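Reviewing the structure listed below.
Side-chain atoms are counted along with the backbone in the values below, which use heavy atoms only and exclude waters and symmetry mates. Since this is a predicted model, take the numbers as computed values, not measurements. Naming convention: chains lettered A, B, ... in sequence-line order (proteins, then strands); numbering from 1 in each chain.
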4 protein chains.
Amino acid sequence: MKKKAEERKEQVLKAAFQAVASHGYDSVTLQDIADHAGVSKGVVHYYFHNKESILSELLQSITAQIYEVEYRAISGKHTAMEKLNAYMDCVFVSPEKNKKFYRVYVNFLAQASRNPVYQKINLAFYENCWNIGREIITLGKKEGVFPIDLDVDTTAKMMRAMIDGCLTQWLMCGRDDLHDFYKKACLKSISTLLQTS
Amino acid sequence: MKKKAEERKEQVLKAAFQAVASHGYDSVTLQDIADHAGVSKGVVHYYFHNKESILSELLQSITAQIYEVEYRAISGKHTAMEKLNAYMDCVFVSPEKNKKFYRVYVNFLAQASRNPVYQKINLAFYENCWNIGREIITLGKKEGVFPIDLDVDTTAKMMRAMIDGCLTQWLMCGRDDLHDFYKKACLKSISTLLQTS
Amino acid sequence: MKKKAEERKEQVLKAAFQAVASHGYDSVTLQDIADHAGVSKGVVHYYFHNKESILSELLQSITAQIYEVEYRAISGKHTAMEKLNAYMDCVFVSPEKNKKFYRVYVNFLAQASRNPVYQKINLAFYENCWNIGREIITLGKKEGVFPIDLDVDTTAKMMRAMIDGCLTQWLMCGRDDLHDFYKKACLKSISTLLQTS
Amino acid sequence: MKKKAEERKEQVLKAAFQAVASHGYDSVTLQDIADHAGVSKGVVHYYFHNKESILSELLQSITAQIYEVEYRAISGKHTAMEKLNAYMDCVFVSPEKNKKFYRVYVNFLAQASRNPVYQKINLAFYENCWNIGREIITLGKKEGVFPIDLDVDTTAKMMRAMIDGCLTQWLMCGRDDLHDFYKKACLKSISTLLQTS
DNA sequence: TATGAATGAGCTTTCATTCAT
DNA sequence: AATGAATGAAAGCTCATTCAT
């Protein structure tokens with residue numbers, strides 16, 4: 001019973017992701033979500049209290065998933081540079097996936113700039129991202145590949161700023177073929193930041 | 001006649017900016033805009049074809065203004081580092097102004113991820129921003145303060161990515177007091193990128 | 001301008017009365033009201049904040065009107081018995097009008113039993129009705145046609161209870177032809193109450 | 001089997017009464033009723049064809065119960081005045097019970113003013129109430145305590161009109177402390193009506 | 001019997017847009 | 001030029017009812 005309900009919610013959230021990706025945060029309707037899920041409008045209201053609860057759970061869900069994938073990627077590697085490369089491979093996964101996720105994500109950021117609920121969820125995501133950065137930097141310092149006096153916290157934040165800045169800029173250019181350019185440039189920039197004290 | 005009309009449009013656009021800043025992109029109504037402008041709803045429709053035209057003209061207007069201010073700032077300086085510092089002072093102008101502008105701007109990015117009209121306007125803004133970066137880098141290379149083999153185009157793009165990434169991250173943290181932290185960290189990161197080949 | 005708006009509100013309220021009379025308080029829709037008024041649904045929302053505000057203004061309006069008519073009726077008469085007869089003629093005006101009003105009124109009473117807004121409006125109506133009773137009774141005592149030790153307040157309340165009880169009972173019987181029976185019986189009962197100390 | 005079903009229906013009707021009393025006639029949902037009964041929504045539909053059938057059976061049930069209690073009360077007494085007093089004690093049982101019942105009852109009257117099904121049920125209740133009045137009056141005439149030429153039918157109807165009028169007025173005033181006032185005033189008024197030809 | 005997941009009709013409300021003045 | 005009354009499409013949400021289990 002409980003399991004079925006969880007699956008249903010998951011199904012609706014997946015549909016919501018698709019719907020927001022194609023219609024945009026503020027244009028998306030519950031009907032769109034229901035259509036994407038292949039269920040009736042009633043189902044959406046049966047499993048979620050209201051529209052905002054679907055969307056905030058969606059943000060929660062996708063940021064959690066992204067983080068999990070990223071964290072798993074760096075966990076499999078053992079040196080700082082390997083972790084960094086794995087992280088970047090993960091972050092710049094592919095034009096298609098990045099486009100879909102960032103389209104949705106920038107919509108949520110737009111909301112978060114006003115809505116504390118989204119803001120809090122995004123902040124938790126930031127914390128996770130920064131932690132990945134911190135882990136890589138700390139390890140690199142131990143290994144002696146990054147300067148010992150590098151500011152861990154600040155650099156971790158700059159890493160994520162660079163990543164989000166690059167992927168946003170890439171998304172806005174509307175050119176899938178530049179994905180690789182941005183990936184390489186971003187990696188190079190971050191490497192520079194990490195190797196300079 | 002023509003002049004009066006231009007002033008009217010300008011008045012409405014200013015009101016639209018305030019209205020979007022306070023109510024949010026997708027919550028703002030034409031009534032809100034009319035109220036902020038101190039005119040009737042009819043006026044808004046008299047000077048603009050529809051809601052989207054107001055908002056796209058607004059994006060056009062604010063990005064043009066931002067660029068103009070930034071460009072003027074660097075024009076007044078003569079060395080690369082002076083220009084860079086002036087640019088950053090201009091970009092990280094103050095918590096209040098940055099918050100107002102970026103709240104509106106992330107909303108437009110969210111739209112631009114889907115709407116080609118906004119996308120084109122934003123791309124023109126990017127071009128202008130990149131040009132500022134290029135100008136600074138090229139001058140610095142001439143002056144011998146930046147490595148001669150630095151990739152001008154790529155670095156200019158990374159500069160803007162860093163700036164947008166930092167200001168977005170700052171905005172999402174909801175802490176005005178971190179404005180200075182992000183400003184300094186961003187300047188330091190960009191300096192590092194510019195001084196490392 | 002202002003006058004036109006007042007007329008519009010009045011028009012909508014009249015339509016609301018007709019709509020509630022034919023569909024019932026809780027079945028009536030804003031579309032019904034708009035249809036009865038011969039306007040679009042938007043107009044109803046343009047002049048009233050929401051559904052409840054229409055309905056509470058309706059109760060306010062009809063109770064005020066009823067009172068006014070009743071008060072004017074007794075004002076035109078000079079002796080207690082003349083006033084009483086005029087009052088009863090007014091209250092039991094006709095099967096059609098009584099049916100329409102009481103159908104709507106019992107719906108409001110049903111709401112008022114739960115909603116303080118309606119309750120307050122109804123209480124004001126009661127006060128007015130009781131005042132009419134008090135006026136008649138006080139005059140009758142002065143004239144010597146009613147016992148001097150008759151309790152003015154209590155008797156006024158019982159008068160209205162008798163009237164509402166009779167008209168409700170008549171309405172529920174669904175027989176227009178009994179209107180006259182109830183009118184006479186009510187008048188006789190009230191006369192008895194007034195003439196017995 | 002049959003018995004179980006009867007008990008189930010009774011259970012649902014009791015729950016419906018509580019639910020209507022607390023949520024109001026037109027706000028009450030089948031879920032509310034199911035919750036009050038401690039059963040699932042399906043059960044409600046299993047034993048009742050639809051929402052209206054529950055509510056009409058509820059009206060049937062509560063009016064029958066009220067009558068039964070009232071009738072039993074007067075049956076235990078032997079003189080007209082004793083019966084009248086017992087009747088009034090029964091009718092004005094307590095602020096709590098009267099409030100609960102009349103809140104629900106006025107809602108049904110509101111429905112009955114439009115719906116023949118409810119109207120018929122209420123008419124049957126009226127008949128029962130009038131019969132109680134008739135019984136008391138007839139006995140009183142036999143005993144010589146009421147005028148011999150008193151119109152039995154009419155007076156019985158006026159008795160009930162007075163009772164319903166008083167209790168409705170009391171309910172609408174929202175003051176529990178006036179319960180006793182209305183009880184006494186009602187009894188006095190009815191006594192006057194009965195003792196005056 | 002009993003459950004509660006699923007449906008979708010129908011409601012209130014918002015608001016961009018039109019247009020008579 | 002300017003107003004704001006009027007429109008009605010479209011949205012979120014509620015809930016009686018159905019039905020597979």
Side-chain angles (χ1 to χ4, degrees), chain A residues 1-2 4-5 7-9 12 26-34 37-55, chain B residues 1 4-5 8 12 26-35 37-55, chain C residues 1-2 4-5 7-9 12 26-34 37-55, chain D residues 1 4-5 8 12 26-35 37-55:
Chain A
M1 292 306 116
K2 201 78 195 216
K4 183 93 175 292
E7 283 171 16
R8 250 336 193 190
K9 286 192 76 168
V12 172
D26 41 289
S27 299
V28 89
T29 68
L30 295 183
Q31 188 62 63
D32 290 334
I33 295 173
V39 297
S40 80
K41 212 174 11 156
V43 170
V44 179
H45 275 103
Y46 192 82
Y47 290 101
F48 294 89
H49 191 247
N50 56 25
K51 193 183 181 185
E52 176 160 336
S53 79
I54 300 171
L55 292 169
Chain B
M1 295 302 116
K4 182 96 173 290
R8 268 292 203 223
V12 172
D26 43 290
S27 297
V28 89
T29 68
L30 294 186
Q31 188 64 65
D32 290 334
I33 295 173
D35 290 349
V39 298
S40 82
K41 217 176 4 159
V43 170
V44 179
H45 268 100
Y46 192 83
Y47 291 102
F48 294 88
H49 189 246
N50 56 23
K51 193 182 182 185
E52 177 162 332
S53 78
I54 301 171
L55 292 168
Chain C
M1 293 304 116
K2 202 77 196 219
K4 184 95 175 291
E7 282 172 19
R8 253 331 194 192
K9 286 192 76 169
V12 172
D26 41 289
S27 300
V28 89
T29 68
L30 294 183
Q31 187 63 65
D32 289 335
I33 295 173
V39 297
S40 81
K41 213 177 3 161
V43 169
V44 180
H45 274 103
Y46 192 82
Y47 290 101
F48 294 88
H49 191 247
N50 55 25
K51 194 183 182 183
E52 175 158 338
S53 78
I54 300 170
L55 293 168
Chain D
M1 290 307 114
K4 182 95 172 292
R8 268 291 203 222
V12 171
D26 43 289
S27 299
V28 89
T29 68
L30 293 185
Q31 188 63 63
D32 290 335
I33 295 174
D35 291 348
V39 299
S40 81
K41 217 176 2 160
V43 170
V44 179
H45 268 100
Y46 192 83
Y47 290 103
F48 295 87
H49 190 246
N50 55 25
K51 194 182 181 183
E52 176 161 333
S53 78
I54 300 170
L55 292 169

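- Straight-line distance from the CG atom of A/Leu30 to the P atom of F/dA10: 16 Å, rounded to whole Å.
- Atom pair C/Arg8:CZ and F/dG4:P shows a separation of 17 Å (rounding to whole Å applied).
- D/Asp26 has its CG atom 11 Å from the P atom of F/dA16, to the nearest Å.
- Using a 4.0 Å heavy-atom criterion, one finds that A/Val28 contacts the sugar-phosphate atoms exclusively.
- Taking a 4.0 Å limit (strictly below) on heavy-atom distances, residues 47-54 of chain B reaches DNA chain F at B/Tyr47.
- Distance C/His45 NE2 to F/dG4 C1': 18 Å, rounded to the nearest Å.
- How far NZ of D/Lys41 is from CG of D/Leu30: 8.0 Å, rounded to the nearest 0.5 Å.
- Map D/Val39 and A/Ser40 each onto its nearest nucleotide of DNA chain E; the residue landing nearer the 5' end is D/Val39.
- Between the C1' atom of F/dA6 and the CD atom of C/Glu7 lies a distance of 16 Å, rounded to the nearest Å.
- With DNA chain F read from its 5' end, the first of the two nearest nucleotides for C/Val43 and D/Lys41 is the one closest to C/Val43.
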Acceptor/donor pairs from residues 46-54 of chain D side chains to any protein atom, 3.5 angstrom cut, sequence neighbours excluded:
{"from": "D/Asn50", "atom 1": "OD1", "to": "D/Glu52", "atom 2": "N", "distance (Å)": "3.4"}
{"from": "D/Asn50", "atom 1": "OD1", "to": "D/Ser53", "atom 2": "N", "distance (Å)": "3.0"}
{"from": "D/Lys51", "atom 1": "NZ", "to": "D/Val28", "atom 2": "O", "distance (Å)": "2.8"}
{"from": "D/Glu52", "atom 1": "OE2", "to": "D/Asn115", "atom 2": "ND2", "distance (Å)": "3.1"}
{"from": "D/Ser53", "atom 1": "OG", "to": "D/His49", "atom 2": "N", "distance (Å)": "3.3"}
{"from": "D/Ser53", "atom 1": "OG", "to": "D/Asn50", "atom 2": "N", "distance (Å)": "3.3"}
{"from": "D/Ser53", "atom 1": "OG", "to": "D/Asn50", "atom 2": "O", "distance (Å)": "2.8"}

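- DNA chain E contains the following stems of three or more consecutive Watson-Crick or G-U pairs, with both distances under 3.5 Å: E:2-21 with F:2-21.
- Following rounding to the nearest Å, B/Tyr46 (OH) and E/dT18 (P) show an atom-to-atom distance of 15 Å.
- Nucleotide E/dA16 holds its C1' atom 12 Å from the CG atom of B/Leu55, rounded to whole Å.
- C/Val44 approaches C/Val12 most closely through the heavy-atom pair CG1-CG1, 4.4 Å.
- Once rounded to the nearest 0.5 Å, the distance linking NE2 of B/His45 with OG of B/Ser40 reads 11.0 Å.
- Where B/Gln31 and D/Gly38 meet DNA chain E, the nucleotide closest to each residue was compared, and D/Gly38 sits on the side nearer the 5' end.
- Remark: A/Thr29 pairs with A/Gln31, A/Asp32 by the side chain to side chain contact (heavy atoms under 4.5 Å, CB included) rule, at least two apart or across chains.
- Checked against F/dA11, E/dA9, E/dA6, the side chain of A/Thr29 finds its nearest nucleotide in F/dA11.
- As rounded to whole Å, 8 Å separates atom P of F/dA16 from atom CD1 of D/Ile33.
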